[in-house]
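The structure under discussion appears below in the form of structure tokens.
Here is how names work: the chains are called A, B, and so on, in the same order as the sequence lines, proteins then strands, and each is numbered from 1. Scope of the values below: all heavy atoms of this structure, side chains included, with no hydrogens, waters or symmetry mates. Everything quoted here is computed from the prediction, not taken from an experiment.
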Protein chains: 2
Amino acid sequence: MRNHRQDVVDRALDVLDRYGLADLTMRRLGTELGVRPSALYHHFDDKQSLLAAVADELLARGARPVAPGEWDARVTAICAGLREALLAYRDGAELVATVRAFGLGAAGPYDALRDALRGAGLDPALAGTAADTLLHFVLGHTLDEQTHLQAGSAGAIADDPRPGSDFALGLAIVVDGIRVRVSEAARR
Amino acid sequence: MRNHRQDVVDRALDVLDRYGLADLTMRRLGTELGVRPSALYHHFDDKQSLLAAVADELLARGARPVAPGEWDARVTAICAGLREALLAYRDGAELVATVRAFGLGAAGPYDALRDALRGAGLDPALAGTAADTLLHFVLGHTLDEQTHLQAGSAGAIADDPRPGSDFALGLAIVVDGIRVRVSEAARR
DNA sequence: ACCTGAACACCGTTCAAGT
DNA sequence: ACCTGAACACCGTTCAAGT
């Protein structure tokens, strides 16, 4: 069927959104493209590389420009934009978390965060770790959020009350041991 | 071979530590126990339940009593203890993160954190969300840490310099949009 | 450049039947 | 209570060969 690499990525994103990450298999994707699974290995070394490309495409589609300005406003905008991009596709957060788990992908948000944090005057090495921490948080939180959202939309019963849509929490973090300080909390 | 449920859990933890999560399959575990894979389904409904039991066993083995006292010291001790428990077994962080992803396990640390945070005067519902956030952070951070540690110990080349052992970061977090504020940072 | 056909070495899970 | 034997419906990946 003479697919290009980009056709494969586009179709994979489509399969992801319609059937979920668990059903995004090489065999299924091949079928959707009218091609044997082995043909996919012409375009990608392995499934991990494919998923990394799909994750990056998902993030690219969700990318919104971040206005210059105060560094904390930029960090906020990057995190909010990332969250929105993840929620735009089924299992988006799980996909990106998976891809990051094997050390690939999501370089865009990472770099953007790191640069914004350097703009805050953070030591360059520290800015990298801080960017990782923020990504942990946004991915973890959005993963939960998306799991609950999808459970709600699939279940026979309506959502749990959804008590606002909460919360704030301040942390101060980490060492060889972990040192945590909850510095503020607010609800709205 | 007349295994009890606990024998299966113990052996699974052993296989995890020796071969990693990817090689902890029902078939492999059966072989290690001298039993057909189907025999495992006498003890567990499915692999997810097995993994949940293994995760809880891992956490139970790593559990250390948390001294009463200031709530923030308790939160710190719980997080540090959790991290230590996760690092004590190969792929420990990945296992617990996986188990939590399908909504099971790690209830112990969660409850402990929630109770400590209530002790800080947090609204009960907020304390639950805050406990989730802390778990996100500790799991995410320890996952990275363990990945790098294991990569280092497996690689042909020695560790990257390991520049101290980093970092602190303050956050204030989340909503429908995500609002992040980096409130402090320090290195040592 | 892109794909087929066929194989290899695996998975999780079910279920009737055995002891 | 615990296990076997056999099957079902899948996986990711490789590779020579075709166009």
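Nucleotides D/dA9 and C/dA9 are separated by 23 Å at their P atoms, to the nearest Å. A distance of about 12 Å separates the C1' atoms of D/dC11 and C/dC8, rounded to the whole Å. Spacing between C/dA16 and D/dC3 at atom C1', rounded to whole Å, works out to 13 Å.
Each of A/L16, A/V15, A/D17, A/D10 was scored for a side chain to side chain contact (heavy atoms under 4.5 Å, CB included) with A/L13, with one residue passing: A/L16.
For the pair A/R83 (side chain) and A/V138 (backbone), a donor-acceptor distance under 3.5 Å is absent. With B/Q150 contributing its side chain and B/D91 its backbone, the two residues share a donor-acceptor pair below 3.5 Å. With hydrogens and angles disregarded, no donor-acceptor distance shorter than 3.5 Å links the side chain of B/R27 to the backbone of B/P37.
Using a 4.0 Å cutoff on non-hydrogen atoms, the parts of residues 26-33 of chain B near DNA chain C are B/M26, B/R27, ordered by number. Contacts between residues 92-102 of chain B and DNA chain C, counted as heavy-atom distances below 4.0 Å, involve no residue at all.
In a base pair of the Watson-Crick type (N1 to N3 plus N6-O4 or O6-N4) or a G-U wobble (N1-O2 and O6-N3), with each distance short of 3.5 Å, D/dA16 is matched with C/dT4.
For the residue pair A/Y89 / A/R61, a side-chain donor-acceptor distance below 3.5 Å is found, with atom types taken as modelled. If you check the side chains of B/H43 and B/D7, you find no donor sitting under 3.5 Å from an acceptor.
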Would A/D46 and A/S49 satisfy side chain to side chain donor-acceptor pair (under 3.5 Å), going step by step from the backbone distance to the final call? CA-CA 6 Å; A/D46 49 30; A/S49 313; 2.8 Å; yes

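A 4.0 Å heavy-atom criterion places the boundary nucleotides of DNA chain D facing chain B at D/dA1 to D/dG5, written 5' to 3'.
More than 12 heavy-atom neighbours from other residues, nucleotides or ligands sit within 6.0 angstrom of CZ on B/R118.
Nearer to the 5' terminus of DNA chain C, by closest-nucleotide assignment, is the contact made by A/H42 (compared with the other of A/S38 and A/H42).
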